[in-house]
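A short worksheet on the structure shown next.
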Amino acid sequence: MTPALYVLEKALDAATLRQRVIAHNVANVNTPGFKRSDVSFEEKLARALGVEPGVELYRTHPGHLPAGGLELTPEVVPDNSTTMRQDGNNVDIDREMVDLVQNSLNFNFAVQQLNGRLAMLRYVINEGRR
Amino acid sequence: MLLAPTSLLTPAPLQEIGRSTAQQNTAAPAESFGALLKEKLNEISALQQQADVLTQEYLAGRVEDVHEVMLALEQANLSLQLAVQVRNKVVEAYQEISRMQF
């Protein structure tokens with residue numbers, strides 16, 4: 001599988017997970033002491049693309065897992081550093097709505113890109129005939 | 001430029017055809033058809049790679065414009081379709097010639 005298809009698949013995973021995390025945040029907008037979460041994917045991808053090279057650990061065995069390498073699984077990151085209200089809750093509903101819109105745009109983008117690439121592959125396999 | 005590969009297929013003006021073929025018979029051709037084909041295939045490959053790079057950059061949050069990425073993919077898609085159709089025509093022509101009876 002080409003890197004672009006792999007990255008698009010991971011991006012769809014990330015968008016799905018982020019949708020669930022945002023829904024979770026919105027559902028707990030009035031829960032005292034609740035801390036919102038976020039999904040980290042873009043930073044991981046940027047690091048994997050090599051423009052922001054992370055520190056790579058030396059590996060003495062090929063079976064060892066890479067630390068900060070080409071691992072692209074999206075992760076849920078809780079945001080414990082802020083507080084919005086007196087009860088310790090830090091969900092900002094406006095921000096969640098903006099994140100939601102951005103996330104659905106990214107999801108649609110990834111679906112369309114994936115469709116376009118698969119259509120190209122299908123076209124070549126069919127030799128231009130339907 | 002969008003759809004640069006088609007520019008080669010633009011027909012030459014009629015009055016120049018006789019002259020240019022006469023000139024080509026005397027002078028050696030600038031480049032062979034094989035070299036031209038290879039160059040155009042490399043261009044298609046470059047378009048595909050550019051689309052891949054732009055997609056990854058967008059997903060990493062470094063390219064802001066969605067339309068740029070969509071256009072790059074569409075350009076790669078169209079040039080690939082053109083290449084496949086040209087290949088089909090070439091194979092068709094070859095088969096037509098090999099079926100000829102003398």
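When reading the values below, keep in mind they use all heavy atoms of this one structure, side chains included, and skip hydrogens, waters and symmetry mates. Below, read A as the first sequence line, B as the second, and so on, with proteins coming before strands; counting in each chain starts at 1.
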Considering all heavy atoms of both residues, which atom of Q112(A) and which atom of L73(B) are nearest to each other, and what is their separation? O-CD2, 4.4 Å
Please tell me whether V53(B) and L80(B) are part of a single hydrophobic cluster in this structure, the criterion being side-chain heavy atoms less than 4.5 Å apart. no
Does R87(B) CZ have over 12 foreign heavy atoms under 6.0 Å away? yes
Which atoms of A51(B) come close to chain A, meaning under 4.5 Å heavy atom to heavy atom: side chain ones, backbone ones, both, or neither? both
Atom of Q56(B), atom of L45(A) and distance for their closest heavy-atom approach: O-CD2, 3.7 Å
Cluster overlap V29(A) with I22(A), hydrophobic side-chain contacts below 4.5 Å: yes
Same hydrophobic cluster for V111(A) and L72(A), using side-chain heavy-atom links shorter than 4.5 Å among ILVMFWY? yes
Under 4.5 Å from a heavy atom of chain A, the part of V69(B) involved: both
Residue pair T55(B), V7(A): steps toward the side chain to side chain contact (heavy atoms under 4.5 Å, CB included) verdict: CA-CA 9 Å; T55(B) 303; V7(A) 169; over 6 Å; no
Is it the backbone or the side chain of L105(A) that comes under 4.5 Å from a heavy atom of chain B, or both, or neither? side chain
Stepwise side chain to side chain donor-acceptor pair (under 3.5 Å) test for Y58(B) and N106(A): CA-CA 9 Å; Y58(B) 176 82; N106(A) 275 341; 3.2 Å; yes
Taking every heavy-atom pair that is under 4.5 Å apart, which of Q85(B), M70(B), Q81(B), Q48(B) has the most such pairs with chain A? Q81(B)
Side chain to side chain contact (heavy atoms under 4.5 Å, CB included) assessment of D52(B) paired with R117(A): CA-CA 9 Å; D52(B) 279 7; R117(A) 276 175 176 71; 2.8 Å; yes
Value rounded to 0.5 Å, distance of CZ in F41(A) from CG in L59(B): 6.0 Å
Can you list, pair by pair, the side-chain donor-acceptor contacts under 3.5 Å of residues 88-102 of chain B, counting residues two or more places apart and other chains?
| from | atom 1 | to | atom 2 | distance (Å) |
| --- | --- | --- | --- | --- |
| N88(B) | ND2 | E127(A) | O | 2.8 |
| S98(B) | OG | Q95(B) | O | 3.0 |

